[in-house]
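Order of the sequence lines sets the chain letters (A, B, ...), proteins ahead of strands, with each chain counted from 1. Since this is a predicted model, take the numbers as computed values, not measurements.
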Protein chains: 2
Amino acid sequence: MAGITIKDIASMAKVSTGTVDRVLHNRGGVSIQSKTKVEKALKKLNYTPNLVARGLALKDSYKIAIILPKFDQDEYWKQQIIGIKRAYKEIQNFGFTIKMYNYDFLHQGSLDAIIKRLKRHKVHAAIVAVESDQESKKLFCFLEDNHVFYIQINAHIERANPNFLSFVGQDSFQSGRLAAMLLNYACHINKDFAILHMEEYLATSPHLNKKQSGFLTYLEDQKLKSKVVIKHIQTVTQRDELRKVLKGILSKNKKLGGLFISTSRVHAVGEILIELKRTDIVLVGFDLLTENIEILKKYPKMFIINQNASLQGFYAMQFLFKHLMQNQNLEKIKYLPLDIVTKENLINHLHMQQRDKLISAKI
Amino acid sequence: MAGITIKDIASMAKVSTGTVDRVLHNRGGVSIQSKTKVEKALKKLNYTPNLVARGLALKDSYKIAIILPKFDQDEYWKQQIIGIKRAYKEIQNFGFTIKMYNYDFLHQGSLDAIIKRLKRHKVHAAIVAVESDQESKKLFCFLEDNHVFYIQINAHIERANPNFLSFVGQDSFQSGRLAAMLLNYACHINKDFAILHMEEYLATSPHLNKKQSGFLTYLEDQKLKSKVVIKHIQTVTQRDELRKVLKGILSKNKKLGGLFISTSRVHAVGEILIELKRTDIVLVGFDLLTENIEILKKYPKMFIINQNASLQGFYAMQFLFKHLMQNQNLEKIKYLPLDIVTKENLINHLHMQQRDKLISAKI
DNA sequence: AACTTTATCGTGTGCGCACACACAATTTTT
DNA sequence: AAAAATTGTGTGTGCGCACACGATAAAGTT
């Protein structure tokens with residue numbers, strides 16, 4: 001099955017390996033007769049290129065740009081980079097090189113500077129994480145004009161662009177549904193809920209809205225007559241403020257059974273509920289951050305929906321590899337699996353995180 | 001960082017590439033002076049071999065034996081093979097070849113025949129799935145004597161063998177704990193449970209026992225005063241028999257809230273409960289088989305703990321690769337993640353299965 | 001002194017591919 | 001008709017590595 005080389009093709013088609021190569025890569029300069037002969041042989045022997053040899057021959061000929069917001073501190077973006085590097089390690093010997101481009105999330109014109117640098121560096125493909133605004137349009141136009149294929153991560157911006165390959169990201173709607181289901185299963189008597197959006201930047205609100213509508217849709221589908229209180233909290237670092245809000249919700253809603261925190265700030269809520277001795281409330285939040293792991297161990301009934309951010313970067317790189325080197329057709333949308341983490345199965349997920357960290361440290 | 005080759009090492013140590021190669025592979029025939037010089041250079045430049053080039057140079061020099069029971073029909077074993085093939089596809093160009101060896105689970109002496117074939121074929125490494133009995137001991141001795149490294153999957157047989165690399169498999173105890181937790185969360189009023197072991201072959205009972213003790217341990221830890229009925233059903237294909245058992249359990253235990261089926265036969269239980277109009281009972285079972293997917297969609301409250309059998313084979317192959325080609329130290333035990341699948345997040349897991357099937361079809 | 005043996009080390013080749021270059025055959029231009 | 005441009009093909013090289021083979025020098029043997 002395997003082991004067919006261009007030599008085999010050449011000898012079957014009675015041409016040289018050079019001609020086979022020209023046909024394979026559409027380099028032109030081949031007569032119609034030779035071309036058809038080669039193509040027949042390719043089909044007959046079911047030729048697939050040896051990627052190992054190709055990678056060796058190519059040697060640093062695929063430059064990939066990674067375009068991310070400049071959030072050095074943020075664990076979420078750190079994990080993206082970990083995943084990207086993990087995939088990169090697997091494919092770097094195949095002739096790939098990556099280059100990071102970080103833009104300032106808040107500073108206008110920051111993306112313009114990136115575009116200038118991209119022009120100089122002549123990249124072949126890109127992984128892009130931008131929000132849907134005026135600036136990003138420029139970037140996509142640039143990529144289009146320069147025939148740079150790209151994968152979007154994090155935010156999916158609809159755009160009829162022939163160079164757009166895939167969106168890799170989380171299914172916010174489904175994760176909201178899942179959260180509602182978990183609360184419904186875990187809350188026995190009190191079936192009223194609250195949704196807390198804890199996020200300082202409004203830019204991420206599309207995600208949060210999708211989570212919210214997923215949550216509400218589930219309750220409707222199940223025909224549950226639950227009351228749902230919805231709050232948006234922008235002052236995420238101020239503990240007192242949060243305590244006040246929580247107290248308010250608890251006192252006004254006597255039948256409250258669960259809280260859905262649509263971001264990764266669930267640990268703050270958990271700590272306050274322990275203070276207030278209201279750990280009867282079931283919690284659902286996102287992301288296996290260090291703080292969330294700690295609270296998950298302590299808090300009686302709590303679920304973390306883990307989006308495994310590192311997988312997002314990992315899949316994005318892997319998709320590029322598949323496209324550039326294997327001519328594989330990619331799914332236009334790739335949703336990450338939604339892992340449900342509790343005290344009981346936490347250890348398995350920690351193992352996987354550990355591995356990621358080890359790998360990224362080595363790079 | 002990367003891009004250091006043996007040439008660089010050779011020129012820094014002022015020896016030839018041949019000598020560097022001899023040091024790298026402990027081939028001997030190198031003076032102490034040269035060896036230390038080379039080793040210094042290796043450390044200083046932080047050399048890592050280019051696996052792509054190595055794979056090209058090696059060309060079919062790693063023969064790997066896959067030793068599995070002959071269960072062509074069983075979906076579980078099919079998935080193992082899918083995972084193995086998926087990993088194989090990723091590494092086949094690196095000079096690996098695999099060969100399947102299927103033994104008859106029930107037939108005495110079947111493993112002996114395998115050993116004879118292994119002797120002829122001169123394999124370098126193996127992935128082994130055997131139960132702990134007399135026969136398997138012979139196999140392990142053979143592997144040991146012939147310096148064949150091996151990974152165990154499915155069943156972990158303790159053995160002080162220098163050629164044993166890793167066990168890759170499921171954490172049965174934890175999966176039992178997880179099942180108990182799910183039932184505890186999902187059952188609101190009736191906190192009595194039943195455990196059903198539905199399995200014709202007694203050989204797999206060590207797994208089932210571990211699941212059972214994990215289940216019971218959780219209940220103890222939580223100080224729940226639940227009654228737990230335990231039944232072992234060997235006549236798994238006879239629907240009437242099963243109906244009788246279920247009816248018996250239901251009539252005798254009025255406070256029954258959930259059923260834990262320790263195998264993949266949960267679909268049969270679900271169908272009967274629908275017939276009996278007792279879908280108030282919460283179900284927990286294993287494995288995303290086609291039948292289980294169907295019942296999962298229909299049944300009101302049900303969890304599938306998915307062990308992702310294909311991952312088991314996948315990791316096993318990947319471990320061999322890491323060991324043989326990257327000299328990486330392997331974890332002695334690698335547990336698979338326990339995915340919790342419900343109606344709501346089913347779609348994500350189906351995507352992954354789909355991908356696996358596509359890949360395996362191509363091979 | 002003329003050998004053989006042994007330890008140590010360098011060189012060369014090929015893995016399969018991409019690509020540059022050389023050269024021949026053919027067509028177009030002068 | 002000769003010169004120039006174009007097209008079609010074959011050959012050669014290198015990517016980094018593993019490994020066979022041969023070369024060299026030192027040590028041992030007759």
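Residues satisfying the salt bridge (Lys or Arg N to Asp or Glu O under 4.0 Å) test with A:D112, not counting sequence neighbours, are A:K138. When the salt bridge (Lys or Arg N to Asp or Glu O under 4.0 Å) test is applied to A:R27, the partners found at least two apart in sequence or on another chain are A:D21.
Atom CG in A:L51 sits roughly 15 Å away from atom C1' in C:dC15 (whole-Å rounding). Distance A:Q92 CD to D:dC15 P: 18 Å, rounded to the nearest Å. Rounded to whole Å, the distance from CZ on B:F94 to P on D:dC17 is 13 Å. Across the protein-nucleic acid pair, A:D21 atom CG and D:dG10 atom C1' stand 13 Å apart, rounded to whole Å. At whole-Å resolution of the value, CG in B:N93 and C1' in C:dC17 are 12 Å apart. Atom-to-atom, CD1 of B:I9 to P of D:dA18 comes out at 12 Å; the value is rounded to the nearest Å. One atom, CG of A:L324, and another, C1' of C:dA18, lie 16 Å apart when rounded to the nearest Å. Protein atom CG of B:L24 is 15 Å distant from nucleotide atom P of D:dG16, rounded to whole Å.
Between A:A129 and A:L68, the closest heavy-atom pair is CB-CD2, 3.8 Å. Nearest approach of B:P49 to A:N93, heavy atoms of both residues: O-ND2, 4.2 Å. Pairing each heavy atom of B:I67 with each of B:Y103, the nearest pair is CG2-CD2, 4.0 Å. For the residue pair A:Q318 and A:A87, the shortest heavy atom distance occurs at N-CB, 4.5 Å.
In this structure, B:H25 reaches the D:dA18 phosphate: one of its side-chain N or O atoms is under 4.0 Å from OP1 or OP2. In terms of phosphate contacts, B:R54 brings no side-chain nitrogen or oxygen within less than 4.0 Å of OP1 or OP2 of D:dG16. Contact between the side-chain N/O atoms of B:R22 and the OP1/OP2 oxygens of C:dT8 is not found at any separation under 4.0 Å. Phosphate proximity of D:dG16 to B:T5: absent, as no side-chain N or O sits under 4.0 Å from OP1 or OP2.
The residue among B:L58 and B:G18 whose nearest nucleotide of DNA chain C is located toward the 5' end is B:G18. When the nearest nucleotides of DNA chain D are assigned to B:L56 and B:R27 by heavy-atom distance, the more 5′-ward of the two goes with B:L56.
Summarising the geometry, atom NZ belonging to A:K89 is positioned 13.5 Å from atom CE belonging to A:M317; distances are rounded to the nearest 0.5 Å.
Put simply, the side chain of A:Y47 does not reach to within 4.5 Å of the side chain of A:V38, judged on heavy atoms.
Distance from the side chain of A:T19 is smallest to D:dT9 among C:dT11, C:dC17, D:dT9.
B:V52 comes within contact range of no nucleotide atom at all, as no heavy-atom separation falls under 4.0 Å. Contact annotation for A:N50: backbone-only contact, meaning every heavy-atom pair under 4.0 Å involves sugar-phosphate atoms and none involves a base. Backbone-only engagement by A:Y47 is indicated by non-hydrogen atom pairs under 4.0 Å involving sugar-phosphate atoms exclusively.
Against DNA chain C, the stretch residues 29-39 of chain B makes heavy-atom approaches under 4.0 Å through B:G29, B:V30, B:S31, B:S34.
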